[in-house]
Amino acid sequence: MTITPPLTFDNRFVRELPGDPDTSNRRRQVLGACWSAVEPTPVAAPTLLAHAYEVASLVGLSDTDVASDAFARVFGGNALYPGMQPYAACYGGHQFGSWAGQLGDGRAITLGEVINAAGERWELQLKGAGPTPYSRTADGRAVLRSSIREFLCSEAMHHLGVPTTRALSLVGTGEPVVRDMLYDGNARAEPGAIVCRVAPSFIRFGNFEILAARDDRALLERLVDFTIARDFAHLLDAHAASDTATDTARADAVQQRRAAWFREVCERSARMVVAWMRVGFVHGVMNTDNMSILGLTIDYGPYGWLEDFDPNWTPNTTDAAGRRYRYGQQPAIVQWNLVRLAEALRPVFASPQPLEAGLDAFLATYDAAYEGMMAAKFGFTAPTDGAQQLMREAFALLHATQADYTLFFRALGDLPAVLPADATPRDLLGDVFYADEALVTHGDRLGLWLRRWHAEVSATGDAPSARRVRMHAVNPKYVLRNWLAQEAIDLAEAGDVSRVHELLELLRNPYDEQPGMERFTAKRPEWARHKAGCSMLSCSS
Ligand code: AMP
Ligand code: MG
């Protein structure tokens, strides 16, 4: 018997936007439509491997619902709850700097839009649930390793305070999926899995770009106004025209709304990337099809976390040659992506001015947020010349001494009120460095920097204990380092998912000291330096 949870679906995307009349999942170009109806392809043995109870509760699912067989069947793609209307969305994108044409949900299927008890809208979307019209030459499936990475990182990012899509469930399919993980001719069968991700909207920059590329101005206009009405509803009230308004006044209100909307997209994207920079997250594939219109981190693929600080680091081997998506370039790439979005939106704006203003707002928001964020990481309360100078010098020192980004800032917050006179950087900060040689050469400079930093923050007169609390609130203790995820994956592939649960629990409180969990905050072990999945990741997933 299927237990039917009392979920309320209100599927506005399929109700208000045109769909594809062809309902087969034959691969094709889909014109004049924003989506294609497609059902998940059933799997052999859907088994619930993990779930996030907070997300279940957010969408209105109880513990009993989650424990029922129906849950694993629905979120493994073998059944639907009443009210679900599954579809794959049509979008395009710029990949690695070039227009790639139609991409679309090749292995993602949205099941429906739930309205929860608080009136919030949450889209439920399966990733890896089988082919869609947008699957091109691929199979529509996902492997366990990449699904664990997406499941854990979505939740870890949320608890770090980074805007992100969420993850409800991780379901094993009981079916193998063949992948050539490093694209080196060594394909192998891996266990398959499906993640259900959850967000108020999965609309991407690419949903607009594809319509602009096809000169479908009417549909572009509809999608823009739909997005504003559904996902930015506060802008409807802020820029409303009265019932008696003239046609010109109405058209003006629509233009103002669109202008406010684009500006907000720019501001949200700026805040998102500032949050990435804060926690040392490197997305790895910032193509425009992987940019959420809500400014959420989306599509967890070959992402990684800074370990030894290097602004040029990219976790994605596919990106190794050009390093387009390296840590230090992420803000510029967000801006580049916003320019592509602005170009796509130009036909629905009466003049380019609001688009230019939105892009200016990106820079202004980014600069202010980045400055405030960095000052907070270093524990500075005022932008004095001394503080600015110290911050400018810090990153070159972190790079030169191969300091672990996460551990360094955490240790900085832990420095005592008085620094012992002859203490070295290693005495003061602990084992946060990856190369002894680097400390021999640059240790003295770092030691001087630490003393100047200490004098600067001590000069403000606030208690060291208060500073420690402030700094620890922005400098996480625990992040999902690739090697931690990889250990959980290796165990899970051998049938033991307990580490996935343990990491999920640990990462719920990434800023807290968690006694007994020190192992998970250690710097990258030597074995992980060159191991696939730890230092080498590809888009193969
Ligand atoms: P990504 O680089 O993961 O963001 O994917 C880019 C495009 O490829 C999107 O349209 C995906 O839906 C599609 N895609 C990636 N992997 C698969 C797969 N295994 N099957 C079908 N489509 C896929
Ligand atoms: Mg994608």
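Every number for a ligand or one of its atoms is a count from 1 in the order of the listing. The model shown is predicted, which means the values in this text are computed figures rather than measured ones.
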Looking just at side-chain N and O atoms, do [X] and [Y] make a donor-acceptor pair shorter than 3.5 Å?
X	Y	result
Tyr183	Ser540	no
Thr164	Tyr300	yes
Asn116	Glu120	yes
Gln330	His283	no
Arg15	Gln85	no

Element-labelled atoms of ligand 1 that are located less than 4.0 Å from some non-hydrogen atom of [X]:
X	value
Asp299	4 (O)
Ala138	17 (C), 18 (C), 19 (N), 20 (N), 21 (C), 22 (N)
Asn290	4 (O)
Asp139	18 (C), 19 (N), 20 (N)
Gly106	12 (O), 20 (N), 21 (C), 22 (N)
Gln95	6 (C)

- Task: State, yes or no, whether a side-chain contact exists between Tyr303 and Tyr325 at a heavy-atom distance under 4.5 Å.
- Result: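 They are not in side-chain contact.
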- Item | With Tyr327, the side-chain contact (heavy atoms from CB on, under 4.5 Å) member among Phe281, Trp276, Tyr405 |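 For Tyr327, the side-chain contact (heavy atoms from CB on, under 4.5 Å) test succeeds with only one of Phe281, Trp276, Tyr405, which is Tyr405.
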- Member of Asn316, Asn312, Thr318 meeting the side-chain contact (heavy atoms from CB on, under 4.5 Å) criterion with Thr314: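 Exactly one option meets the side-chain contact (heavy atoms from CB on, under 4.5 Å) with Thr314, and it is Asn316.
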Any N/O of [X] closer than 3.5 Å to an N/O of ligand 1?
X	value
Val285	no
Arg141	yes
Arg107	yes
Tyr134	no

- Task: Taking the six-membered ring for Trp and the full ring for Phe, Tyr or His, determine whether the centres of Trp261 and Phe208 are under 6.0 Å apart.
- Result: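 Ring-ring flag for Trp261/Phe208: true, centres closer than 6.0 Å.
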- Query: In Asp299, the N, O or S atom nearest to the Mg ion (ligand 2) is which?
  - Reply: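 Considering only N, O and S atoms, Asp299 comes nearest to the Mg ion (ligand 2) through OD2.
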- Quick one: OH on Tyr53 to CZ on Arg508, what's the gap to the nearest 0.5 Å?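 Tyr53 atom OH to Arg508 atom CZ measures 4.0 Å (nearest 0.5 Å).
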- How long is the gap from CD1 on Ile293 to OG on Ser201, to the nearest 0.5 Å?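 Going from the CD1 atom of Ile293 to the OG atom of Ser201 covers 8.0 Å.
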- Message: Suppose we only count N/O/S atoms under 2.8 Å; would Asp289 qualify as near the Mg ion (ligand 2)?
- Response: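 Coordinating: no.
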- Metal check, the Mg ion (ligand 2) vs Asn290 N/O/S, cut-off below 2.8 Å: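 Yes - counting backbone and side chain alike, Asn290 has an N, O or S atom under 2.8 Å.
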Any heavy atom of [X] closer to ligand 1 than 4.0 angstrom?
X	answer
Gly140	yes
Gly104	yes
Arg179	yes

- Protein non-hydrogen atom found under 4.0 Å from atom 5 (O) of ligand 1: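 Protein heavy atoms within 4.0 Å of atom 5 (O) of ligand 1 - there are none.
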- Message: What protein heavy atom lies closest to atom 8 (O) of ligand 1? Include the residue and the distance to one decimal.
- Response: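 Answer, as residue, atom name and distance: Arg136 NH2, 2.7 Å.
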